[in-house]
Colleague: 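Questions regarding the structure given below will be posed in turn.
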Amino acid sequence: MKRPRGTRDFLPGEMRKRRWAESVLRDTAERWGYGEVATPTFEEEELFVRRSGEAIVEELYSFEDKGGRRLALRPEFTAPVMRLFSQEMSRSAKPVKIYYFGNAFRYERPQSGRYREFWQFGTEIIGADTPEAAAESVALASTLVRKVGVEDAVLRVGHVGILRGMVSALGLSPGEEREVFRAVDKGDLETMERLCGGTDAGDVLVGLVGRDKMSMEDWRDIGGGLLDEKTVSYFSYLEDVLSLLPALGVRSWKLDPGIARGLDYYTGVVFEIDAPRLGAEKQVCGGGEYELGSLFGTSQVRGVGFALGFDRLLLASAVPEGVVQHGILDVFIAYIGEKGRLAAFEMATTLRENGYRVDIDLLGRNISKALKYASSRGARYVAILGEREVERGVATLRDMQSGEQREISLSSDELKNVLDMPR
RNA sequence: GCCGGGGUGGUGUAGCCUGGUAGCAUCAGGGACUGUGGAUCCCUUAGCCCGAGCUCAAACCUCGGCCCCGGCCCCA
């Protein structure tokens, strides 16, 4: 029996890291005023098709249930969360700020940082179309990535409204425009050159996407002349968003005119975060401003949000030593003889009731082996209970780091604090 | 779907080219040590990804499949 392709088992050490990262994400989102939501692991297939088009059926884990319904394991959370919003929260006070964490499934070729079952964390601010909301979303994403220990993250910010304005200034057919968008998103300069090089607008676009460093002024100067009034107004909007970032704790970002984010429903500011050390699958976050009332028949609903690739985040993260090292056991109890055994189990119960993490010998090992086992488990203390101790109502407590030993009383009052360690 | 590199006890590896007894390390369990850990020694459990072919004989050669790793495509 093997694990299905593209899935993983997680052992205790790995789970400790994952739970740590998860709690960092959760706690931070709560602190920023977001409430958690959860949606079903599977939905009607139609929900995902409507959001993303027929093409995604290829990548869905879909099936028919016994009632003949077409269902699919969720490949992402945006559509389910929007469904939840429009069905359950559309009359809630605006803006609605929610976050989610869970597993999602895509039938794809696994590779580094890409699995068939993966985890995502994300947030949405729904019912807000202001620079303030956009800035908060960008800043929260950036903060989260940093807080889980990704040191070298690069935040890139762009605006699809400006990009669309530039592409439509090229005067291409809709089909050609699609191709250009795709090339822009990939940073494929050769294809761009082929599609729209030679014209003024085309050269400008190629120049912008190819640029490594750029200021807002450059962007305006280079691209602004060719654009209509509405598109030009996006520059000030974007500037406004960016001006709020430092106050929200964001130290640095790169302007990237070429972020297209694939989907049609993005309307304004868009952003991505990369962890360069991850190689081909380096994007750990993507998000932006969107409009998707049309999908669910709601009247115009605008919002801004992002999704974090939890597994990639962990690959890129330097999880603090303490998280990994922090042993899972405060005390291991070893005993000798029938009397020792009873006293040992009683001691374990008392210590556990007082909040300590306690394990006890279950294999009837001798002291030597029990100590070795406790050591390999990373226990801080070993309590030894033999005839000698039980007769006098004490246990021998051995500090596994220093090797020092002392006797402690077995009375429950004494046991409460005798280990003088944080619980 | 495409290209490349791989799959040998639980883990890490040698053996493969040049077919013929699968070796080492580590971990785990037990013992030497009658109540004090990571040492030493001994013992034990346990392996050639799956299938077909060539051959007297396949971990080894050939073909197909599965899975892993890196990349392409895709990335809602």
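Everything quoted here is computed from the prediction, not taken from an experiment. Values below: all heavy atoms of this structure, side chains included; hydrogens, waters and symmetry mates excluded. Each chain gets a letter, A, B and so on, in the order the sequences are listed, and its residues count up from 1.
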Colleague: Counting only Watson-Crick or G-U wobble pairs whose two distances fall under 3.5 Å, which nucleotide matches G70(B)?
Modeller: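 Check on G70(B): paired to C3(B), both distances under 3.5 Å.
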Colleague: Using the side chain to side chain contact (heavy atoms under 4.5 Å, CB included) definition, which of the options D311(A), L314(A), L313(A) pairs with W119(A)?
Modeller: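 Between W119(A) and the candidates, side chain to side chain contact (heavy atoms under 4.5 Å, CB included) is satisfied uniquely by D311(A).
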Colleague: Under 6.0 Å from the ring centre and within 45 degrees of the ring axis: does the NZ or CZ of R365(A) meet both conditions for the six-membered ring of Y373(A)?
Modeller: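 Yes, a cation-pi geometry.
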Colleague: Can you tell me, in whole Å, how much space there is between the C1' of G31(B) and that of G64(B)?
Modeller: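 Nearest-Å result for G31(B) against G64(B) at atom C1': 49 Å.
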Colleague: Under 6.0 Å between ring centres, would you say that holds for F101(A) and F310(A)?
Modeller: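 Distance test on ring centres: under 6.0 Å, yes.
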Colleague: Using the P atoms only, state how far U40(B) lies from U26(B), rounded to an integer number of Å.
Modeller: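 Looking at atom P only, U26(B) and U40(B) are 8 Å apart.
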Colleague: With P as the reference atom in both, quote the distance from G23(B) to G5(B) in angstrom, rounded to an integer.
Modeller: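 Roughly 30 Å separates the two P atoms.
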Colleague: Can a donor-acceptor pair be found between the side chains of T396(A) and E389(A) at a distance below 3.5 Å?
Modeller: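 There is such a pair between these side chains.
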Colleague: For the pair made of CZ in F306(A) and P in A76(B), what is the distance, rounded to whole Å?
Modeller: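 So the two atoms are 17 Å apart, to the nearest Å.
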Colleague: Is it true that the side chains of S62(A) and E45(A) contain a donor and an acceptor less than 3.5 Å apart?
Modeller: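 Short answer, yes.
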Colleague: Quote, to the nearest angstrom, the P distance that separates C33(B) from C68(B).
Modeller: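 It works out to 49 Å between them.
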Colleague: Let me know the distance between CG of D188(A) and P of C75(B), rounded to the nearest Å.
Modeller: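 One finds 14 Å between P of C75(B) and CG of D188(A), rounded.
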Colleague: Can the positive tip of R106(A) be found less than 6.0 Å from the middle of the six-membered ring of F118(A), inside 45° of the ring normal?
Modeller: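 Cation-pi check for R106(A) and F118(A): fails.
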Colleague: E353(A) and T350(A): side-chain donor and acceptor closer than 3.5 Å?
Modeller: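 On atom types as modelled, these side chains do not qualify, holding no pair under 3.5 Å.
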Colleague: Have E76(A) and Q120(A) got a donor and an acceptor in their side chains that come within less than 3.5 Å?
Modeller: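 Note: E76(A) and Q120(A) side chains miss the donor-acceptor criterion.
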Colleague: Between E387(A) and Y335(A), is any side-chain donor less than 3.5 angstrom from a side-chain acceptor?
Modeller: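 On atom types as modelled, these side chains do not qualify, holding no pair under 3.5 Å.
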Colleague: Rounded to whole Å, please give me the gap between CZ in R312(A) and P in C75(B).
Modeller: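 Those two atoms, CZ and P, are 13 Å apart.
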Colleague: Using whole Å, what does the distance between atom P of nucleotide C27(B) and atom CZ of R377(A) come to?
Modeller: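 Taking atom P of C27(B) as the reference, CZ of R377(A) is at 17 Å.
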Colleague: Answer yes if the side chains of Q401(A) and Y381(A) hold a donor-acceptor pair under 3.5 Å, and no otherwise.
Modeller: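 No, because no side-chain N or O of Q401(A) sits under 3.5 Å from a partner of the opposite role on Y381(A).
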Colleague: Under 4.0 angstrom, heavy atoms only, what part of the nucleic acid is E58(A) near: base, sugar-phosphate, or nothing?
Modeller: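 No contact at all - E58(A) keeps every heavy atom at 4.0 Å or more from the nucleic acid.
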Colleague: Counting only Watson-Crick pairs (N1-N3 plus N6-O4 or O6-N4) and G-U wobbles (N1-O2, O6-N3), all under 3.5 Å, who is the partner of G47(B)?
Modeller: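 Looking at the geometry, G47(B) pairs with no nucleotide.
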Colleague: Name the nucleic acid region contacted by Q405(A), choosing base, sugar-phosphate or nothing; use a 4.0 angstrom heavy-atom cut-off, strictly under.
Modeller: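 Since a base atom lies under 4.0 Å of Q405(A), the category is base.
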Colleague: Distances under 3.5 Å between protein N/O atoms and the N/O atoms of nucleotides 66-73 of chain B, please, pair by pair.
Modeller:
unit_1: C68(B); atom_1: OP1; unit_2: G6(A); atom_2: N; d: 2.9
unit_1: C68(B); atom_1: OP2; unit_2: R5(A); atom_2: NE; d: 2.8
unit_1: G70(B); atom_1: OP1; unit_2: S112(A); atom_2: OG; d: 2.9
unit_1: G70(B); atom_1: OP2; unit_2: S112(A); atom_2: N; d: 2.8
unit_1: G71(B); atom_1: OP1; unit_2: A280(A); atom_2: N; d: 3.2
unit_1: C73(B); atom_1: N4; unit_2: Q111(A); atom_2: OE1; d: 3.4
unit_1: C73(B); atom_1: N4; unit_2: R114(A); atom_2: NH1; d: 3.0

Colleague: Could you work out the separation of C42(B) and A59(B) based on their C1' atoms and round it to a whole Å?
Modeller: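 About 30 Å, rounded to a whole number of Å.
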Colleague: Decide yes or no, distance alone: a donor-acceptor N/O pair under 3.5 angstrom between the base of G35(B) and the side-chain of E389(A).
Modeller: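 Indeed, a donor on one side and an acceptor on the other fall under 3.5 Å apart.
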Colleague: To the nearest Å, how far apart are D399(A) CG and U36(B) C1'?
Modeller: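 D399(A) atom CG is separated from U36(B) atom C1' by 14 Å.
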Colleague: With both distances kept under 3.5 Å, what pairs with C75(B), Watson-Crick or G-U wobble?
Modeller: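 Partner of C75(B): none found under 3.5 Å.
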Colleague: With both distances kept under 3.5 Å, what pairs with C41(B), Watson-Crick or G-U wobble?
Modeller: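 When the pairing criteria are applied, G31(B) turns out to be the nucleotide that pairs with C41(B).
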Colleague: Hey, what are the protein-to-nucleotides 28-31 of chain B N/O distances that come in under 3.5 Å?
Modeller:
unit_1: G29(B); atom_1: OP1; unit_2: R365(A); atom_2: NH1; d: 3.2
unit_1: G29(B); atom_1: OP1; unit_2: R365(A); atom_2: NH2; d: 3.2

Colleague: Between A39(B) and C50(B), how far is it from one C1' atom to the other, in whole Å?
Modeller: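 Taking atom C1' in both A39(B) and C50(B), they lie 43 Å apart.
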Colleague: Ion pair present between R164(A) and E177(A), side-chain N to carboxylate O less than 4.0 angstrom?
Modeller: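 Between E177(A) and R164(A) there is no salt bridge, as every charged N stays at least 4.0 Å from the carboxylate O atoms.
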Colleague: Which nucleotide, if any, forms a Watson-Crick or G-U wobble pair with C24(B), using both distances under 3.5 Å?
Modeller: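 By the stated definition (distances under 3.5 Å), G12(B) pairs with C24(B).
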Colleague: Quick check for you: among U36(B), C74(B), A76(B), whose closest atom lies nearest to any side-chain atom of E76(A)?
Modeller: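 Nearest listed nucleotide: A76(B).
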Colleague: If we take the C1' atom in both C16(B) and C60(B), what is their distance in whole Å?
Modeller: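 Taking atom C1' in both C16(B) and C60(B), they lie 4 Å apart.
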Colleague: Give the rounded distance in Å between these two atoms: CG of L371(A) and P of A39(B).
Modeller: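 So the CG-P distance, L371(A) to A39(B), works out to 14 Å.
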Colleague: Taking N and O atoms by type only, does the side chain of S375(A) place a donor or acceptor under 3.5 Å from a partner on the base of G38(B)?
Modeller: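 By the distance-only test, yes, there is a pair.
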Colleague: Any side-chain donor paired with an acceptor under 3.5 Å for N103(A) and E117(A)?
Modeller: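 Yes, E117(A) and N103(A) have a side-chain donor paired with an acceptor closer than 3.5 Å.
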Colleague: Flag the pair R26(A) and E22(A) as a salt bridge only when some basic side-chain nitrogen lies within less than 4.0 angstrom of an acidic carboxylate oxygen.
Modeller: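 Here R26(A) pairs with E22(A) in a salt bridge, since their nearest N and O are under 4.0 Å apart.
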Colleague: Tell me which nucleotide, if any, is Watson-Crick or G-U wobble paired with A59(B) when both distances must be under 3.5 Å.
Modeller: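 Across any shown strand, A59(B) pairs with none.
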Colleague: Can you check the Y266(A) OH to C75(B) P distance for me, whole Å?
Modeller: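 One finds 13 Å between P of C75(B) and OH of Y266(A), rounded.
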Colleague: Among residues 334-350 of chain A, which ones have heavy-atom contacts with RNA chain B below 4.0 Å?
Modeller: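 Going residue by residue through residues 334-350 of chain A, the ones with a heavy atom under 4.0 Å of RNA chain B turn out to be I336(A).
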Colleague: Nearest-Å distance, CZ (R406(A)) to C1' (U36(B))?
Modeller: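 Taking atom C1' of U36(B) as the reference, CZ of R406(A) is at 17 Å.
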Colleague: Does the ring of Y61(A) carry R116(A) above it, NZ/CZ under 6.0 angstrom from centre and within 45° of its axis?
Modeller: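 R116(A) over Y61(A) ring: no.
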Colleague: Quote, to the nearest angstrom, the P distance that separates C3(B) from G65(B).
Modeller: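 11 Å, rounded to whole Å.
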